[in-house]
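Notes to accompany the following structure.
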Amino acid sequence: MVETSSFKIEDMIVLTGISNTLSKMDEILDLVKPTFTNYFGTPYEYETEKLKQIPENNRYAVLTTDVLGDDNDAEVMFGFDFDSAEENQAPTLFASLYCQEDHPTGYALLEIVRSSTSPFDYYDDDGLVIAWFEIPLVTFLPLPNQKEEMVEWFNEKLKEIKEVIHTICRIRA
């Protein structure tokens with residue numbers, strides 16, 4: 001077990017509001033789940049429950065595996081990430097597509113993300129290919145309809161991922 005440092009005043013502030021914050025994140029994720037399920041199938045929750053992801057991956061997210069149906073471990077995920085590709089931008093909303101680089105799907109995704117027309121904000125290709133969209137949560141703070149805007153952002157990005165998956169299927173055919 002990893003040893004942690006002592007509690008600090010920041011921890012006390014976080015803990016007093018954690019339940020309310022988790023409820024807000026759950027509400028957003030639950031509103032997006034029907035679109036996610038329609039596009040990619042039932043979310044995979046065994047061993048990847050949202051709360052378990054916080055200490056393991058510093059995120060609170062929903063995912064599904066094997067989205068292409070060929071056991072390539074391709075995953076689609078969306079949620080809240082407490083890290084960011086950009087400095088001082090966390091926490092963020094994100095939607096991502098992941099697959100093994102040494103699989104035909106990985107080669108096709110790599111071709112897409114390296115192109116000048118890639119729809120993704122970021123990608124990483126170190127043995128696996130992860131392509132994702134992200135936007136800082138702070139972007140939504142001044143909006144009077146935060147929840148609706150976040151749901152719309154997630155739904156738009158999941159639709160873009162669905163379109164990329166269709167393109168991958170055409171490339172592989």
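These figures come from a predicted structure and were not determined experimentally.
Closest of all the heavy-atom pairs between Ala108 and Ile168 is CB-CG2, 3.9 Å. Counting all heavy atoms, side chain and backbone alike, Glu149 lies closest to Leu143 at CG-CD1, 3.7 Å. Met150 and Phe80 make their closest contact through SD-CE2, 4.4 Å (heavy atoms, listed as atom of the first residue, atom of the second, distance).
By the 4.5 Å heavy-atom criterion applied to side chains, Thr35 and Phe154 are not counted as neighbours. By the 4.5 Å heavy-atom criterion applied to side chains, Lys162 and Ile165 are not counted as neighbours. The closest side-chain heavy-atom distance from Tyr98 to Leu63 is not below 4.5 Å. A 4.5 Å side-chain heavy-atom check between Leu93 and Ile28 finds every atom pair outside the cut-off. Within the 4.5 Å cutoff, the side chain of Val32 has heavy atoms near those of the Asn155 side chain. Using a 4.5 Å heavy-atom threshold, the side chains of Glu148 and Leu31 count as separate. For the pair Phe120/Leu109, a side-chain contact is recorded, criterion being any heavy-atom separation below 4.5 Å from C-beta on. Side-chain contact between Asp121 and Phe94 is absent, with no heavy-atom pair separated by less than 4.5 Å.
The main-chain N or O of Thr42 is never found under 3.5 Å from a side-chain atom of Thr37 such that the two would form a donor-acceptor pair. Counting only distance, with no hydrogens or angles, the side chain of Ser118 and the backbone of Arg114 share no donor-acceptor pair below 3.5 Å.
In the hydrophobic clustering of this structure, Tyr123 does not group with Tyr107; members are Ile, Leu, Val, Met, Phe, Trp, Tyr whose side-chain heavy atoms approach within less than 4.5 Å, directly or through other members. Both Leu137 and Ile18 are part of a single hydrophobic cluster, where members link through side-chain heavy atoms under 4.5 Å apart. Linking ILVMFWY side-chain heavy atoms closer than 4.5 Å, directly or via other members, places Leu110 and Ile112 in a single hydrophobic cluster. Residue Trp153 is grouped with residue Tyr39 when hydrophobic side chains (ILVMFWY) are merged at heavy-atom distances under 4.5 angstrom, including chains of intermediate members. In terms of hydrophobic clustering, with Ile, Leu, Val, Met, Phe, Trp and Tyr side chains grouped at heavy-atom distances under 4.5 Å, Ile135 and Phe82 are assigned to a common cluster.
In this structure, Ser96 OG and Tyr122 OH are separated by 14.0 Å, a value rounded to the nearest 0.5 Å. Put simply, CG on Leu158 and CD on Glu156 are 10.5 Å apart, with the number rounded to the nearest 0.5 Å. With rounding to the nearest 0.5 Å, the separation of OG1 in Thr64 from NZ in Lys33 is 11.5 Å. Note: Arg59 CZ to Met77 CE = 3.5 Å, rounded to the nearest 0.5 Å.
Comment: Glu160 engages Lys157 in a salt bridge, judged by a side-chain N to carboxylate O separation of less than 4.0 angstrom.
Below 30°, between 30° and 60°, or above 60°: for Phe78 and Phe36 the angle between ring planes is between 30° and 60°, a tilted geometry.
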